[in-house]
Amino acid sequence: MTRGHRITIERGGHVRVVHGGQVLAESDRSLVLRETGCPERYYIPPEDVRLDLLTPSGTQTYCPFKGTASYWSRPDAADLVWAYPDPKPDVAEIKDHLCFYEVEVF
(Lines give C-alpha, C1' and ligand atoms only; values in the text may rest on other atoms or scores of the structure.)
Protein backbone atom coordinates (compact mmCIF):
# COMPACT_ATOMS: atom_id res chain seq x y z
CA MET A 1 0.00 0.00 0.00
CA THR A 2 1.05 3.56 -0.58
CA ARG A 3 1.77 5.54 2.55
CA GLY A 4 -1.51 6.94 3.87
CA HIS A 5 -3.65 4.69 1.68
CA ARG A 6 -5.76 2.15 3.51
CA ILE A 7 -8.24 -0.56 2.58
CA THR A 8 -10.33 -2.47 5.11
CA ILE A 9 -12.79 -5.28 4.46
CA GLU A 10 -15.41 -6.54 6.86
CA ARG A 11 -18.75 -8.29 6.81
CA GLY A 12 -21.48 -6.04 5.46
CA GLY A 13 -25.15 -5.94 6.28
CA HIS A 14 -28.05 -7.10 4.18
CA VAL A 15 -27.84 -5.56 0.71
CA ARG A 16 -30.12 -5.54 -2.31
CA VAL A 17 -29.41 -4.27 -5.79
CA VAL A 18 -32.36 -3.10 -7.89
CA HIS A 19 -31.96 -1.80 -11.42
CA GLY A 20 -34.85 -0.88 -13.69
CA GLY A 21 -37.29 -2.31 -11.15
CA GLN A 22 -35.60 -5.72 -11.22
CA VAL A 23 -33.67 -7.24 -8.30
CA LEU A 24 -30.19 -8.10 -9.58
CA ALA A 25 -28.72 -9.20 -6.25
CA GLU A 26 -29.68 -9.74 -2.63
CA SER A 27 -27.36 -10.99 0.07
CA ASP A 28 -26.78 -11.34 3.79
CA ARG A 29 -23.16 -12.32 3.02
CA SER A 30 -21.83 -9.10 1.54
CA LEU A 31 -18.42 -7.64 2.30
CA VAL A 32 -17.98 -3.89 2.74
CA LEU A 33 -14.73 -2.47 1.43
CA ARG A 34 -13.59 0.90 2.70
CA GLU A 35 -10.77 2.55 0.81
CA THR A 36 -9.06 5.89 1.36
CA GLY A 37 -10.67 8.53 -0.85
CA CYS A 38 -13.45 6.25 -2.16
CA PRO A 39 -17.05 5.60 -1.18
CA GLU A 40 -17.89 2.37 0.68
CA ARG A 41 -18.41 -0.49 -1.75
CA TYR A 42 -20.34 -3.69 -1.09
CA TYR A 43 -19.02 -6.88 -2.66
CA ILE A 44 -21.59 -9.65 -3.09
CA PRO A 45 -20.88 -13.37 -3.54
CA PRO A 46 -21.74 -14.57 -7.07
CA GLU A 47 -24.28 -17.07 -5.69
CA ASP A 48 -26.39 -14.10 -4.55
CA VAL A 49 -26.29 -12.26 -7.91
CA ARG A 50 -28.63 -12.82 -10.87
CA LEU A 51 -25.80 -13.45 -13.32
CA ASP A 52 -28.37 -14.54 -15.91
CA LEU A 53 -29.44 -10.88 -16.13
CA LEU A 54 -25.90 -9.61 -16.77
CA THR A 55 -23.63 -9.84 -19.80
CA PRO A 56 -19.82 -9.81 -19.50
CA SER A 57 -18.31 -6.77 -21.19
CA GLY A 58 -14.84 -6.39 -22.59
CA THR A 59 -14.01 -3.62 -20.14
CA GLN A 60 -11.16 -4.08 -17.69
CA THR A 61 -9.63 -1.54 -15.35
CA TYR A 62 -6.57 -1.71 -13.16
CA CYS A 63 -6.27 -0.56 -9.56
CA PRO A 64 -2.76 -0.62 -8.06
CA PHE A 65 -4.26 -1.67 -4.71
CA LYS A 66 -6.86 -4.26 -5.79
CA GLY A 67 -5.73 -5.54 -9.21
CA THR A 68 -7.55 -5.90 -12.54
CA ALA A 69 -11.35 -5.70 -12.55
CA SER A 70 -13.68 -7.31 -15.09
CA TYR A 71 -17.13 -5.84 -15.83
CA TRP A 72 -20.70 -6.89 -16.65
CA SER A 73 -23.47 -4.86 -18.28
CA ARG A 74 -27.21 -4.69 -18.77
CA PRO A 75 -28.76 -3.60 -22.08
CA ASP A 76 -29.45 -0.15 -20.60
CA ALA A 77 -26.38 0.15 -18.36
CA ALA A 78 -22.84 -0.47 -19.56
CA ASP A 79 -20.32 -1.74 -17.01
CA LEU A 80 -22.82 -1.73 -14.16
CA VAL A 81 -21.02 -4.44 -12.19
CA TRP A 82 -17.38 -5.34 -11.58
CA ALA A 83 -15.32 -8.00 -9.83
CA TYR A 84 -11.70 -8.85 -9.21
CA PRO A 85 -11.10 -12.45 -10.39
CA ASP A 86 -7.48 -12.35 -9.23
CA PRO A 87 -7.19 -9.60 -6.60
CA LYS A 88 -4.02 -8.46 -4.89
CA PRO A 89 -3.17 -10.50 -1.74
CA ASP A 90 -4.17 -7.68 0.64
CA VAL A 91 -7.78 -7.84 -0.64
CA ALA A 92 -8.03 -11.56 -1.44
CA GLU A 93 -11.39 -11.76 0.38
CA ILE A 94 -13.18 -9.98 -2.49
CA LYS A 95 -12.11 -12.57 -5.09
CA ASP A 96 -14.99 -13.15 -7.53
CA HIS A 97 -17.43 -11.09 -5.42
CA LEU A 98 -19.43 -8.64 -7.53
CA CYS A 99 -19.76 -4.95 -6.81
CA PHE A 100 -22.47 -2.57 -8.03
CA TYR A 101 -22.40 1.22 -8.07
CA GLU A 102 -25.71 1.56 -6.22
CA VAL A 103 -26.94 -0.80 -3.48
CA GLU A 104 -29.65 -0.65 -0.83
CA VAL A 105 -28.24 -1.48 2.59
CA PHE A 106 -30.51 -2.81 5.36
For this session: Before giving the answer on side chain to side chain contact (heavy atoms under 4.5 Å, CB included), spell out for L53 and Q22 the whole-Å C-alpha distance, their side-chain angles and the decisive distance to 0.1 Å.
Result: CA-CA 9 Å; L53 300 176; Q22 195 163 36; 3.7 Å; yes

Problem set entry | side chain to side chain contact (heavy atoms under 4.5 Å, CB included) assessment of R6 paired with R34 | CA-CA 8 Å; R6 182 181 164 128; R34 293 179 179 92; over 6 Å; no

Exercise. Should Y71 and T61 be marked as a side chain to side chain contact (heavy atoms under 4.5 Å, CB included) after you check the CA-CA gap, both sets of side-chain angles, and the distance that decides it?
Worked result: CA-CA 9 Å; Y71 288 76; T61 57; 2.9 Å; yes

Exercise. Would Y84 and S70 satisfy side-chain hydrogen bond (donor to acceptor under 3.5 Å, both in side chains), going step by step from the backbone distance to the final call?
Worked result: CA-CA 6 Å; Y84 291 90; S70 298; over 6 Å; no

For this session: Please assess I7 against L33 for the test side chain to side chain contact (heavy atoms under 4.5 Å, CB included), listing each intermediate value before the final yes or no.
Result: CA-CA 7 Å; I7 295 177; L33 183 143; 3.8 Å; yes

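Looking at residues two or more places apart in sequence or on another chain, you find a salt bridge (charged side-chain N to carboxylate O under 4.0 Å, His left out) between D52 and R50. Considering only residues two or more places apart in sequence or on other chains, E102 meets the side chain to side chain contact (heavy atoms under 4.5 Å, CB included) condition with none of them.
Atom CG of D48 sits about 13.0 Å away from atom CG of L24, to the nearest 0.5 Å. The CD atom of E104 sits 8.5 Å away from the NE2 atom of H14 when rounded to the nearest 0.5 Å. A distance of 12.5 Å separates OG of S30 from CG of L98, quoted to the nearest 0.5 Å.
Between V49 and W72 there is no side-chain heavy-atom pair separated by less than 4.5 Å. For the pair H5 and F65, the minimum side-chain heavy-atom distance is below 4.5 Å.
Nearest heavy-atom pair, R11 versus R29, reported as atom, atom and distance to 0.1 Å: NH2-CA, 4.3 Å. Closest approach of Y43 to C99, counting heavy atoms only: CE2-CB, 3.5 Å. For the residue pair H97 and P45, the shortest heavy atom distance occurs at CD2-N, 3.5 Å. Across all non-hydrogen atoms, the minimal contact from P46 to D96 is CD-O, 3.5 Å. In this structure, G13 and Y42 approach most closely via the heavy-atom pair N-CE2, 4.4 Å. Nearest heavy atom pair, residue K66 against residue V91, reads CA-CG2, 3.9 Å.
Listed for the T59 side chain is no donor-acceptor partner under 3.5 Å among the backbone atoms of D79. Looking at K95, its side chain does come within 3.5 Å of a backbone N or O of P85 through a donor-acceptor pair. When atom types are taken as modelled, the side chain of S27 and the backbone of V15 share no donor-acceptor pair closer than 3.5 angstrom. A distance-only check finds no donor-acceptor pair linking the side chain of T68 to the backbone of Y62 [under 3.5 Å]. Looking only at distances, no side-chain donor or acceptor of R16 sits under 3.5 Å from a matching main-chain atom of V23.
Using a cut-off of 4.0 Å between Lys/Arg side-chain N and Asp/Glu carboxylate O, E35 and R41 are scored as not salt-bridged.
Side-chain rings of Y101 and W82 approach one another, their centers coming within less than 6.0 Å.
Residues V103 and L51 share a single hydrophobic cluster, defined by chaining ILVMFWY side chains whose heavy atoms lie under 4.5 Å apart.
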